[in-house]
Amino acid sequence: MSTDQGAESPSTSDILPSSPLSSLNEDLEAEDTTSPAPIGESGHPLSLLEFAKQIVERNPANSSDIAAEHLQSKRKKSKKKKNKKDAVDICAGMTPAERKAFSFYEDIRVHYDRNNMEGDFKKYWFKRYDLFSQYDHGILMDRESWFSVTPEKIAMHIAERCRADTIIDAFCGSGGNAIQFAFTCERVIAIDIDPVKLHCAKHNAALYGVADRIEFILGDFMQLAPSLKADAVFLSPPWGGPSYINASVFDLETMIPMNGIHLYEAARAISPNIAYFVPRNTDPKQLALLAGQGNLCEVEQNYLQSHLKSLTAYYGELVDPALELNALEDGEETEDVEESAGSPLAAGSKRSIEEDEEEEDHKQQKTN
Ligand code: MGP
Ligand code: SAH
């Protein structure tokens, strides 16, 4: 039996009823490019009106133009300020010692604000609400998590597809997927080899109000796998860092630090119902081959704001039943694919586009 709590994020008050939130207007301060207030003859700053009046008195010919220009630029800037979203610093009310205790776990930074994001890394700061909509409530992520967490809308979609009694999130990281599984599955077993990630994941799950639905295990999935039981397994292993994209085709077999084929086999021994989150440059044929003779594989493209982020391959009962029917009815096409793939696959080559009505910017293009 699956629970149906809906994938909607809880409201602010649901998440942190007594959190010491305080708005710092950090973004506004950093972006404030307004010129300094004009100084009058007395040496005191002038109000805008006084400044405009002085200009009129000194230079009646062009004064109105200058004053109007100044007023206009001032208005433009204040409008820009109003439109900008306030940044919130969860640590604002904390003492320096509390801030340190919150932001670090065993000397590793796990909470970032815009001042800690340097160089190329800064681009991730602007994506923070894509990763966790509740970022401002004190989400914890270590450096690796910033580039490997599954964006929340994609994680929600995958969780919707993977409704099960018990699901294993074999590489839970800071909890991007595990939190969303907790909304759609009865029980989540979240594993990670890194204690820093587990610390973040537990904290983040508590922020989303789902910590009690997740069992966190510190360990190596490959070693734990033979002793695990579940109805579905979700795999989102490390892909060897952001440089994965430099290969024209990402090869699961040479995936670092583990062989992606062996990983699939370890998961397959637990359950045939697998969702495999892989780089967008993975060859769909390699994913289809994993299904084995006579079995279907569905490869889905995960878009966020029209940008292809990743692929998710579904196996077993996680394959969309409509696609399964199509494949059965369309024997001729299946044969063609069997030949072209050079292997007895039941996976077809048809493509269909499915729009998620609730998430307009979250399109899935599927290959069955
Ligand atoms: P990306 O290509 O590094 O980022 O990862 P992006 O934002 O598409 O980069 P851009 O410069 O093209 O804009 C895309 C998505 O893949 C990320 O949002 C993560 O969800 C996921 N991802 C990236 N990496 C490096 C990993 C990884 O190592 N493991 C897992 N499981 N997911 C990853
Ligand atoms: N899906 C996660 C991100 C996963 S990134 C999210 O949305 O937050 C991959 C994770 O795999 C990293 O956190 C890394 O610590 C973990 N990992 C690496 N090797 C592992 C292993 N052998 N067993 C379990 N976890 C491992």
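For reference, positions follow the sequence shown, starting with 1.
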Legend entry - C91 side chain near E98 side chain, heavy-atom distance below 4.5 Å: no
Inset, instruction - Give the minimum heavy-atom separation between C162 and I167, together with the two atoms involved. - result: CB-CD1, 3.8 Å
Inset, instruction - Answer yes if the side chains of N302 and S310 hold a donor-acceptor pair under 3.5 Å, and no otherwise. - result: yes
Inset, instruction - Report yes if some heavy atom in the side chain of P237 is under 4.5 Å from a heavy atom in the side chain of F221; otherwise report no. - result: no
Inset, instruction - Kindly compute the distance separating CD1 (I179) from CD1 (I139), expressed to the nearest 0.5 Å. - result: 5.5 Å
Inset, instruction - Check the surroundings of atom NZ in K122: do more than 12 heavy atoms from other residues, nucleotides or ligands lie under 6.0 Å from it? - result: yes
Legend entry - Minimum-distance pair of heavy atoms, taken over all atoms of S248 and N281: O-CB, 3.9 Å
Inset, instruction - Mind telling me whether F121 and Y112 have parallel, tilted or perpendicular rings, with 30° and 60° as the class edges? - result: tilted
Inset, instruction - List the steps, then state whether side chain to side chain contact (heavy atoms under 4.5 Å, CB included) holds for N259 with M222. - result: CA-CA 11 Å; N259 179 319; M222 296 302 277; over 6 Å; no
Legend entry - Heavy-atom check, side chain of R268 versus side chain of I274, under 4.5 Å: yes
Legend entry - Check: R161 side chain, L318 main-chain N or O, donor-acceptor pair, under 3.5 Å: yes
Inset, instruction - Please round to the nearest 0.5 Å and tell me the distance separating atom CG of L252 and atom CG of L287. - result: 5.5 Å
Inset, instruction - Look at the side-chain heavy atoms of Ile, Leu, Val, Met, Phe, Trp and Tyr, link any pair under 4.5 Å apart, and say whether L263 and I193 land in one connected group. - result: no
Inset, instruction - Measure the shortest side-chain to side-chain distance between L198 and P195 over non-hydrogen atoms and say whether it is less than 4.5 angstrom. - result: no
Legend entry - Interatomic spacing from OG in S103 to CG in N116 - rounded to 0.5 Å: 7.5 Å
Legend entry - side-chain hydrogen bond (donor to acceptor under 3.5 Å, both in side chains) against E265, all qualifying residues, sequence neighbours excluded: none
Inset, instruction - Could you tell me whether the side chain of R143 reaches within less than 4.5 Å of the side chain of I108, counting heavy atoms only? - result: no
Inset, instruction - Taking all non-hydrogen atoms of both residues into account, name the closest pair between L296 and A291 and its distance. - result: O-CB, 3.7 Å
Inset, instruction - Group every Ile, Leu, Val, Met, Phe, Trp and Tyr by side-chain heavy-atom contacts under 4.5 Å, then state whether F102 and F104 land in the same group. - result: no
Legend entry - Minimum heavy-atom distance Q180-A159, with the two atoms named: O-CB, 3.4 Å
Legend entry - Exercise: identify the closest heavy-atom pair between A201 and C172: CB-SG, 4.2 Å
Legend entry - Beyond-backbone contact of Q286 with V249, side-chain heavy atoms, under 4.5 angstrom: no
Legend entry - Result of checking Y135, Y129, Y208 against E152 for side chain to side chain contact (heavy atoms under 4.5 Å, CB included): Y208
Legend entry - Distance (rounded to the nearest 0.5 Å) between L290 CG and I261 CD1: 4.5 Å
Legend entry - ring-ring contact (aromatic ring centres under 6.0 Å, His included) partners for Y315, two or more places apart: Y264
Legend entry - Check: Y244 ring centroid to W239 ring centroid under 6.0 Å: yes
Legend entry - Under 3.5 Å donor-acceptor, N204 side chain and L140 backbone: yes
Inset, instruction - Return yes if a side-chain donor-acceptor contact under 3.5 Å exists between H157 and E300, otherwise no. - result: yes
Legend entry - Close side-chain approach of L304 and K153, heavy atoms under 4.5 Å: yes
Legend entry - D169 side, atom CG; I217 side, atom CD1 - distance, nearest 0.5 Å: 11.5 Å
Legend entry - N/O donor-acceptor pair under 3.5 Å between S271 side chain and D231 backbone: yes
Legend entry - Carboxylate-amine/guanidinium contact D192 K202, below 4.0 Å: no
Inset, instruction - Give a yes or no on this: more than 12 heavy atoms of other residues, nucleotides or ligands lie within 6.0 Å of atom CG of D107. - result: no
Inset, instruction - Assess whether atom CG of N246 is packed by more than 12 heavy atoms of other residues, nucleotides or ligands within 6.0 Å. - result: yes
Legend entry - Sequence-distant partners of S236, side-chain hydrogen bond (donor to acceptor under 3.5 Å, both in side chains), two or more places apart: none
Inset, instruction - Verify, without hydrogens or angle tests, whether D130 (side chain) and P151 (backbone) share a donor-acceptor contact under 3.5 angstrom. - result: no
Inset, instruction - Step by step, work out the side chain to side chain contact (heavy atoms under 4.5 Å, CB included) result for V278 and F250. - result: CA-CA 9 Å; V278 295; F250 183 85; 5.8 Å; no
Inset, instruction - Tell me, with the steps shown, if M141 and R128 meet side chain to side chain contact (heavy atoms under 4.5 Å, CB included). - result: CA-CA 10 Å; M141 277 188 276; R128 63 196 185 282; 5.6 Å; no
Inset, instruction - Show your reasoning for whether side chain to side chain contact (heavy atoms under 4.5 Å, CB included) applies to L131 and W146. - result: CA-CA 8 Å; L131 305 182; W146 276 95; 3.9 Å; yes
Inset, instruction - Please tell me if the side chains of Q134 and L207 come closer than 4.5 Å, counting only heavy atoms from C-beta onward. - result: no
Legend entry - Shortest non-hydrogen contact between G138 and H111, atoms and distance: CA-CE1, 4.2 Å
Inset, instruction - Can you measure from OH (Y314) to CG (N273) and round to the nearest 0.5 angstrom? - result: 13.0 Å
